[in-house]
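As structure tokens, the structure follows; a few thoughts come after it.
When a ligand or atom number is given, it counts from 1 through the structure's own listing order. Here the structure is a predicted model, which means the values were calculated and not measured. Note that these values count all heavy atoms, side chains included, but never hydrogens, waters or copies made by symmetry.
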Amino acid sequence: MNCLFCQIVEGKIPSTPVFQDDQSYAFADISPKAPVHVLIVPREHIGRLDQADESKRALLGHLLWTAAEIARKQGLANGYRIVVNTGEEGGQTVDHLHLHLLGGREMTWPPG
Ligand code: 5GP
Ligand code: ZN
């Protein structure tokens, strides 16, 4: 499978690591949309959120916890935003499930 984020997880494409453990890998977004913009991905390939079946419930929780842990470590005490773009209308451009952690500036609502 020719998946960009699988290749990043495997180290075949370079990235700037932020956090990693046995289930997840987090790295700096190549085109940051905020002073802090980190992508958190599962090490295993899951295309998108709606392809995560019941067996992935704990993993999904782990990814969310990972995002919160990174936010704590990055000192985002004033708040931050977690985004999971899903599918074409959701704005997903890379087909490997990922959480965006955005922080370091005030966010606006609603998103575009
Ligand atoms: P999506 O639009 O699918 O929610 O988010 C994909 C994200 O991946 C975008 O924010 C984009 O900047 C980032 N991205 C795309 N290609 C690369 C890459 O090669 N390296 C890194 N670090 N980020 C990438
Ligand atoms: Zn993948």
TODO: Rounded to the nearest 0.5 Å, what's the gap from CD1 on Ile70 to CG on Leu101? Could you check?
DONE: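 Going from CD1 on Ile70 over to CG on Leu101, the span is 6.5 Å.
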Establish whether [X] and [Y] are linked, either directly or via other cluster members, by ILVMFWY side-chain heavy-atom contacts under 4.5 Å.
X	Y	value
Val18	Tyr80	yes
Phe27	Val38	no
Val41	Val83	no

TODO: Apply side-chain hydrogen bond (donor to acceptor under 3.5 Å, both in side chains) to the pair Gln7 and Asn2, showing each step before the final yes or no.
DONE: CA-CA 8 Å; Gln7 292 179 72; Asn2 193 24; 3.0 Å; yes
Structural part of [X] in contact with ligand 1, heavy atom criterion under 4.0 angstrom:
X	answer
Leu39	side chain
His98	side chain
Thr16	neither

Identity and separation of the nearest protein heavy atom to [atom]:
atom	result
atom 23 (N) of ligand 1	Ile30 N, 3.3 Å
atom 22 (N) of ligand 1	Ala28 O, 2.9 Å
atom 16 (N) of ligand 1	Leu4 CD2, 3.4 Å

Proximal atoms of ligand 1 relative to [X] (non-hydrogen, under 4.0 Å):
X	answer
Gln92	3 (O)
Val94	3 (O), 6 (C)
Ser31	12 (O)
Phe27	21 (C), 22 (N)
Phe5	8 (O)
Ile8	20 (N)
Thr93	1 (P), 2 (O), 3 (O), 5 (O), 6 (C)

Tell me the closest heavy-atom pair linking [X] and [Y], and the distance in Å.
X	Y	value
Pro32	His37	CA-ND1, 3.5 Å
Leu49	Thr86	CB-OG1, 3.8 Å
Gly103	Ala34	O-CB, 3.5 Å
Val9	Pro42	CG2-O, 4.3 Å

TODO: To the nearest 10 degrees, calculate the angle at the Zn ion (ligand 2) involving SG of Cys6 and ND1 of His45.
DONE: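 Answer comes to 110°, rounded to 10°.
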Open item on the list: To check your reading of the site, what angle at the Zn ion (ligand 2) do SG of Cys3 and ND1 of His96 form, to 10°?
Closed with: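 For SG of Cys3 and ND1 of His96, the angle centred on the Zn ion (ligand 2) reads 110°.
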TODO: Would you indicate which of His100, His37, Arg48 comes nearest to atom 4 (O) of ligand 1 when only heavy atoms are counted?
DONE: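 Comparing heavy atoms across His100, His37, Arg48, the nearest one to atom 4 (O) of ligand 1 lies in His100.
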TODO: Would you indicate which of Ile13, Asp29, Asn85 comes nearest to atom 10 (O) of ligand 1 when only heavy atoms are counted?
DONE: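 When every heavy atom of Ile13, Asp29, Asn85 is considered, Asp29 comes closest to atom 10 (O) of ligand 1.
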- [ ] Kindly say whether the aromatic ring centers of His98 and His100 come within a distance under 6.0 Å.
- [x] yes
TODO: Run the contact test for Ser15 against ligand 1 with a 4.0 Å cut-off on heavy atoms, strictly below, and give the result.
DONE: no
Open item on the list: As a quick check of understanding, evaluate side-chain contact (heavy atoms from CB on, under 4.5 Å) for Thr66 and Leu99, giving each step before the final call.
Closed with: CA-CA 10 Å; Thr66 299; Leu99 281 62; over 6 Å; no
